[in-house]
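Chain letters run A, B, ... following the sequence lines, proteins first, then strands; residues in each count from 1. When reading the values below, keep in mind they use all heavy atoms of this one structure, side chains included, and skip hydrogens, waters and symmetry mates.
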Protein chains: 2
Amino acid sequence: MTAEQFPVNRALAIIGGKWRPQLYCTLEGGPKRFLELHRSIPGISRKVLTDQLKELERLGMVERIEFDEAVLHVEYRLTDAAYTLQPAMKGLCAWGEGN
Amino acid sequence: MTAEQFPVNRALAIIGGKWRPQLYCTLEGGPKRFLELHRSIPGISRKVLTDQLKELERLGMVERIEFDEAVLHVEYRLTDAAYTLQPAMKGLCAWGEGN
DNA sequence: TCAAGTAGTTACTTTAAAGTGCGTACTATG
DNA sequence: CATAGTACGCACTTTAAAGTAACTACTTGA
């Protein structure tokens with residue numbers, strides 16, 4: 001079994017990386033707009049936020065919803081598939097806090 | 001809260017990366033020697049294996065035991081602290097398998 | 001004494017993730 | 001009509017992780 005096929009790595013390919021856990025936890029509270037996310041996650045650049053949102057959308061973890069308003073209005077939210085990750089995230093979070 | 005302080009990232013700093021999950025799972029079955037690990041994890045280079053073992057030792061997750069024999073004999077094993085990660089690892093593993 | 005097994009080290013290169021700094025196009029408000 | 005807010009895109013640089021290939025130093029067995 002190669003590294004990419006390894007189950008834990010398959011999970012880490014989705015929730016791993018510097019910003020995804022925070023992005024995930026922020027969106028857990030409900031849909032958010034782009035700049036709202038940008039303000040909620042101090043230190044992330046707009047470029048990286050865009051990159052991550054696109055990739056998570058491609059992976060089926062995030063949904064992008066564009067509202068038909070005069071002012072450009074976009075919201076991002078977790079898909080149902082993403083919520084199945086919650087137990088695993090809680091486990092990691094608990095360990096990280098205890099350590 | 002910066003990315004590094006975020007609880008999930010604190011956990012990922014220890015179990016994250018390309019080879020650590022496999023290393024962790026391999027050592028869960030009991031202590032192993034260097035080349036035994038190298039054979040158990042197809043594709044890893046000796047250099048990367050050394051790097052990871054050293055870093056995990058520094059983080060208190062792995063213990064290096066040198067036996068006083070004629071032939072160089074070293075074993076690596078998980079520390080008690082490392083075993084507290086088991087529930088979180090199982091959670092990730094289960095999600096990765098289900099996905 | 002030569003090959004093979006033990007556990008690495010060293011120097012260098014490649015790759016992927018993230019960061020920097022700018023520009024775009026639109027609307028709303030004073 | 002100028003400024004600020006919306007949501008990005010693009011080109012480039014930096015950094016960290018991993019990979020490559022060769023080398024060290026020891027011992028055992030044929």
Side-chain angles (χ1 to χ4, degrees), chain A residues 2-6 8-24 26-27 31-59 61-77, chain B residues 2-6 8-24 26-27 31-59 61-77:
Chain A
T2 69
E4 300 75 39
Q5 296 170 324
F6 205 72
V8 178
N9 289 70
R10 297 230 303 267
L12 290 182
I14 288 173
I15 62 139
K18 183 165 182 178
W19 299 108
R20 285 191 196 174
Q22 277 172 96
L23 201 43
Y24 185 92
T26 305
L27 285 175
K32 300 266 179 306
R33 307 183 61 165
F34 183 80
L35 290 181
E36 207 176 346
L37 284 169
H38 188 245
R39 277 187 295 267
S40 300
I41 304 173
I44 198 172
S45 71
R46 289 193 306 277
K47 185 258 194 184
V48 170
L49 181 54
T50 309
D51 290 353
Q52 295 304 319
L53 286 169
K54 272 187 184 161
E55 181 62 8
L56 287 170
E57 199 190 349
R58 199 185 67 78
L59 292 166
M61 295 293 123
V62 159
E63 205 178 343
R64 182 185 186 275
I65 304 147
E66 194 164 329
F67 292 82
D68 195 16
E69 292 173 15
V71 177
L72 190 48
H73 182 170
V74 177
E75 287 191 359
Y76 295 92
R77 63 146 150 167
Chain B
T2 70
E4 300 76 40
Q5 296 170 325
F6 205 72
V8 178
N9 288 72
R10 298 231 302 266
L12 290 182
I14 288 173
I15 61 140
K18 183 166 183 179
W19 299 109
R20 287 192 196 174
Q22 278 173 96
L23 202 42
Y24 185 91
T26 306
L27 285 175
K32 301 266 178 306
R33 305 182 62 164
F34 182 81
L35 291 180
E36 207 175 347
L37 285 170
H38 188 245
R39 278 187 294 267
S40 301
I41 304 174
I44 197 171
S45 69
R46 290 194 303 279
K47 183 256 196 188
V48 170
L49 181 54
T50 310
D51 290 353
Q52 296 303 320
L53 286 169
K54 272 186 185 165
E55 181 62 8
L56 287 170
E57 199 190 351
R58 200 186 64 80
L59 291 166
M61 295 293 122
V62 160
E63 205 176 345
R64 182 185 186 276
I65 304 147
E66 193 163 331
F67 291 81
D68 195 15
E69 293 174 12
V71 176
L72 191 47
H73 182 169
V74 177
E75 287 191 0
Y76 295 91
R77 63 144 149 171

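Closest non-hydrogen pair, A:Ile14 versus A:Leu56, comes out as O-CD2, 3.8 Å.
For B:Gln52 and D:dA18, the shortest distance from a side-chain N or O to OP1 or OP2 is below 4.0 Å. Put simply, A:Lys47 has no side-chain N or O that comes within less than 4.0 Å of OP1 or OP2 on C:dC22. Contact between the side-chain N/O atoms of B:Arg64 and the OP1/OP2 oxygens of C:dG8 is found at a separation under 4.0 Å. Taking side-chain N and O atoms only, A:Trp19 has no distance below 4.0 Å to OP1 or OP2 of C:dA17.
Between B:Glu36 and A:Leu72, the residue anchored closer to the 5' end of DNA chain C is B:Glu36, taking for each the nucleotide with the nearest heavy atom. Looking at which nucleotide of DNA chain C each of B:Val71 and A:Arg20 is closest to, the 5′-most match is held by B:Val71.
Rounded to whole Å, the distance from CG on B:Leu35 to C1' on D:dT28 is 15 Å. In this structure, B:Lys32 places its NZ atom 15 Å from P of C:dT6, rounding to the nearest Å. Counting to the nearest Å, the C1' atom of D:dA17 and the CD1 atom of B:Ile14 are 17 Å from each other. When the C1' atom of C:dT20 is taken as reference, atom NE2 of A:His38 falls 12 Å away, rounded to whole Å. As a whole-Å value, the separation of B:Lys18 NZ from C:dA17 P is 11 Å. In this structure, B:Glu4 places its CD atom 12 Å from P of C:dA18, rounding to the nearest Å. In this structure, CD of B:Glu66 is placed 15 Å from P of C:dT6, rounded to the nearest angstrom. A:Leu12 has its CG atom 15 Å from the C1' atom of D:dA17, to the nearest Å.
Candidate nucleotides D:dA7, D:dT27, C:dA7 were compared by shortest atom distance to the side chain of A:Phe34, and D:dA7 ranks first. When the nucleotides D:dC8, C:dT20, C:dT27 are ranked by their closest atom to the side chain of A:Ser45, C:dT20 comes out on top. Nearest to the side-chain atoms of B:Val48 among the listed nucleotides D:dC8, D:dG19, D:dT6 stands D:dG19. Among C:dT6, C:dG8, D:dA7, the nucleotide with an atom closest to any side-chain atom of B:Arg33 is C:dT6.
Across all strands shown, B:Phe67 has no heavy atoms under 4.0 Å from either base or sugar-phosphate atoms.
The structure places NZ of A:Lys18 at 14.0 Å from CZ of B:Phe6, a figure rounded to the nearest 0.5 Å.
By the side chain to side chain contact (heavy atoms under 4.5 Å, CB included) test, B:Glu75 pairs with B:Pro31, B:Arg33, B:Phe67, B:His73, sequence neighbours left out.
Applying the side chain to side chain contact (heavy atoms under 4.5 Å, CB included) test between B:Gln22 and each of B:Ile44, B:Leu37, B:Ile41 identifies B:Ile41 as the sole match.
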Carefully, step by step, assess A:Arg20 and A:Gln52 under the rule side-chain hydrogen bond (donor to acceptor under 3.5 Å, both in side chains). CA-CA 7 Å; A:Arg20 285 191 196 174; A:Gln52 295 304 319; 2.7 Å; yes
